[in-house]
Protein chains: 2
Amino acid sequence: MGTVGKAISLLELFTVDEPELGLSDLARRSGFDKATTRRLLVALTGHGFVEQDAATRHYRLGAGLSRLARIREARFPFLQTAVPLVRDLAASTAETVHLSEFGVDALVTVHVEHPAWANRVNIDIGQLLPLHSTASGIAYLAFARDETVKACLTGSLKAFTTHTLIDPAAISTSIAETRDRGYSICDQGFEEGVISVAAAIRAADGFALGTIAVAAPNARTTPAAIAERGLAVMAAAREISMRLNGENLQTLRRQA
Amino acid sequence: MGTVGKAISLLELFTVDEPELGLSDLARRSGFDKATTRRLLVALTGHGFVEQDAATRHYRLGAGLSRLARIREARFPFLQTAVPLVRDLAASTAETVHLSEFGVDALVTVHVEHPAWANRVNIDIGQLLPLHSTASGIAYLAFARDETVKACLTGSLKAFTTHTLIDPAAISTSIAETRDRGYSICDQGFEEGVISVAAAIRAADGFALGTIAVAAPNARTTPAAIAERGLAVMAAAREISMRLNGENLQTLRRQA
DNA sequence: AAATAAGGGTTCAAATAATGAACCAACATC
DNA sequence: GATGTTGGTTCATTATTTGAACCCTTATTT
């Protein structure tokens, strides 16, 4: 791994649950030498990617990341466009609705709306969603580039629950069904007791760039509810795609 | 400069105005060799910090940045905390109120509320505010670390208008006055016809981490209005600081 | 109160990764 | 078909990164 990759993997050690880490801790978790870790942190700090708490000497992610993220968002207003529709969908379904964007080889949760229920599905921003075992992942794959699908199916497929599909052929079938239906259904493939439906949000070239999903406890989920949520999530995804692409759905080449 | 710094300075070439750049362009602007530039871009792409457009082969900032930025905001809820007070201040002053956070060597605008007036001051999110020539910058410097102030005053000081203070001694005086008064006043130092007042938002260690400012056309600005807005912006900054630091103003060591 | 462990930070010879001039292929322009 | 531009690649040379051992300070233990 190059030095740049090492620096970035240091950044990736920070999570919502552990947003501040000490030098030794970072060195231990990354596997890098303490001196190396420190040098990388100093470099990152110099550009605002990392900040050091003056009192505890612990490190945390810096404001420079927010700035670049905002520049990206200005060109690619995925969040601004999608969040209002995520809210609407959360209000109408009264279940957890989450929005994700494709990252390196998984989907990244970028926004979540939780319902008022005590018994609800909780998802954190930043949570990574594997492609093969989540409703969002399957919805994404249904409109992803062939290379992406191939890379996913030929990689190692982890079973998160006893319900997780790990047979490439079965997953391919699920993807094909999703493409026909317009939304995906994932019955406890990622977490026991959670049933999700999702639909792909697509760029002007017709390929998926993210997903919107509704996740609910299976206690509150009937086949009729699945179909209802599926149609709603599909409509929301379609609306977001249209708004992103200048109201012009004709430009979506690979339509289902 | 280390390799990590080079990689980050590549990222910093992307702006709101030019969010997508080609390889040769990036190499030219960064001053790095084309091979070096490419290798850095590949490393960054591998972690989702940049993406390459499949059609144009141009590069843009990636979703990995958004993910990390969100993790930061989850721990350090600057925006969540401050936005309600920005709204309140915008409502009570009926002028443009903007919130900024310190980046590497300037303030970054992270939130703006505009009034209903047709004649108003417009500010974009992401806009960089120089430290020496804006109300926000002076307010920040009044409670910044000595190194930061020194670095600012010894650097080159650009005059944006005929009113911009570019004499280090004059700026120092303005900083000292701001520290005593509790808020800064900038009369057309950044843009003709705009008068702003600002106050520093401070971390638990007492040092500034950002600012809140009211910007108004000078046509609507009297000395009395300046004083009124100054007191309001100071109160808002104080409230945000307190909420960020757990309601405990005692921890603000460097009080005015 | 001395000993021990753990954390943050630093040093410098040795090892390794980054560099860049020259190169290819593709496309556009003249 | 000659010329310029862009994206991308190669490999001997060069410069940066590496990490064991080090210091200092702050708990914790004996």
Side-chain angles (χ1 to χ4, degrees), chain A residues 1-15 17-62 75 104 145 147-148 151 205 207, chain B residues 1-15 17-62 75 145-147 203-205 207 251 253:
Chain A
M1 195 195 300
T3 315
V4 175
K6 289 181 189 169
I8 297 179
S9 51
L10 270 188
L11 295 176
E12 290 174 339
L13 294 175
F14 296 94
T15 63
D17 294 325
E18 297 188 284
E20 300 201 334
L21 298 167
L23 173 60
S24 300
D25 219 2
L26 284 165
R28 224 176 296 113
R29 294 177 196 221
S30 63
F32 308 144
D33 187 87
K34 197 152 54 100
T36 302
T37 306
R38 171 127 221 288
R39 204 164 28 72
L40 294 173
L41 287 169
V42 168
L44 290 166
T45 305
H47 288 264
F49 274 35
V50 164
E51 293 167 352
Q52 186 174 28
D53 188 293
T56 65
R57 315 248 86 192
H58 282 200
Y59 297 88
R60 62 163 170 260
L61 296 175
R75 169 61 166 194
V104 188
R145 290 189 167 71
E147 312 95 80
T148 310
D205 60 10
F207 290 108
Chain B
M1 192 193 300
T3 315
V4 175
K6 289 182 190 170
I8 297 179
S9 51
L10 269 189
L11 295 176
E12 289 173 340
L13 294 174
F14 296 94
T15 63
D17 294 324
E18 296 188 287
E20 301 200 334
L21 298 166
L23 172 61
S24 300
D25 218 0
L26 284 164
R28 224 176 296 113
R29 294 178 195 221
S30 63
F32 308 144
D33 187 87
K34 196 153 53 99
T36 301
T37 306
R38 172 129 218 290
R39 206 166 24 73
L40 294 172
L41 287 170
V42 168
L44 291 165
T45 305
H47 288 264
F49 274 34
V50 300
E51 294 167 351
Q52 187 173 28
D53 188 292
T56 65
R57 315 248 84 189
H58 282 199
Y59 297 88
R60 61 164 171 260
L61 297 174
R75 172 59 166 199
R145 289 187 168 73
D146 290 339
E147 311 95 81
D205 59 11
F207 290 107
T251 57
R253 291 200 305 245

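These numbers were taken from a predicted model, which means no experiment stands behind them.
- Between B:Thr37 and B:Tyr59 the shortest side-chain heavy-atom distance does not fall below 4.5 Å.
- Taking atom CG on A:Leu10 and atom C1' on D:dT17, their separation rounds to 14 Å, with Å as the unit.
- The shortest distance between side-chain heavy atoms of A:Leu23 and A:Arg57 does not fall below 4.5 Å.
- Inter-axis angle, ends of the helix from C:dA1-D:dT30 to C:dC30-D:dG1, five pairs per end, rounded to 10 degrees: 30°.
- Comparing A:Leu23 and B:Thr36 by the nucleotide of DNA chain C whose heavy atom lies nearest to each, the residue mapping closer to the 5' end is A:Leu23.
- Taking only side-chain nitrogens and oxygens, A:Arg39 comes nearer than 4.0 Å to OP1 or OP2 of D:dT18.
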Review point. Run the side-chain contact (heavy atoms from CB on, under 4.5 Å) check on A:Leu26 and A:Phe32 step by step: do they pass?
Key: CA-CA 8 Å; A:Leu26 284 165; A:Phe32 308 144; over 6 Å; no
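- A straight line from CZ of B:Arg28 to P of D:dG4 spans 15 Å, rounded to a whole angstrom.
- The nucleotide whose nearest atom lies closest to any side-chain atom of A:Gln52 is, among C:dA18, C:dG9, D:dG7, C:dG9.
- Residue B:Lys6 has no polar side-chain atom (N or O) positioned under 4.0 Å from OP1 or OP2 of D:dT16.
- Taking atom CZ of residue B:Phe32 and atom P of nucleotide D:dA15, one finds them 16 Å apart after rounding to whole Å.
- Rounded to whole Å, the distance from CG on A:Asp33 to C1' on D:dT16 is 15 Å.
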**Study point:** Pair B:His47-A:Leu11, side-chain contact (heavy atoms from CB on, under 4.5 Å): steps then yes or no
**Key:** CA-CA 11 Å; B:His47 288 264; A:Leu11 295 176; over 6 Å; no
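- Here the nucleotide nearest the side chain of B:Tyr59, chosen from D:dT17, C:dG8, D:dG8, is D:dG8.
- Side-chain atoms of A:Lys34 stay outside donor-acceptor range of the base of C:dG7, with no qualifying N/O pair under 3.5 Å.
- The phosphate of D:dG8 (OP1 or OP2) has a side-chain N or O of B:Arg38 nearer than 4.0 angstrom.
- If you measure from atom CG of A:Asp25 to atom C1' of C:dG9, you get 16 Å, rounded to the nearest angstrom.
- When the side-chain nitrogen and oxygen atoms of B:Ser24 are compared with OP1 and OP2 of D:dG7, one or more of them lie within a distance under 4.0 Å.
- Between D:dT6, C:dG9, C:dG20, one nucleotide has an atom nearer to the side chain of B:Ala35 than all others, and that is C:dG20.
- Checking C:dG7, D:dT17, C:dT19 against the side-chain heavy atoms of A:Thr3 singles out D:dT17 as nearest.
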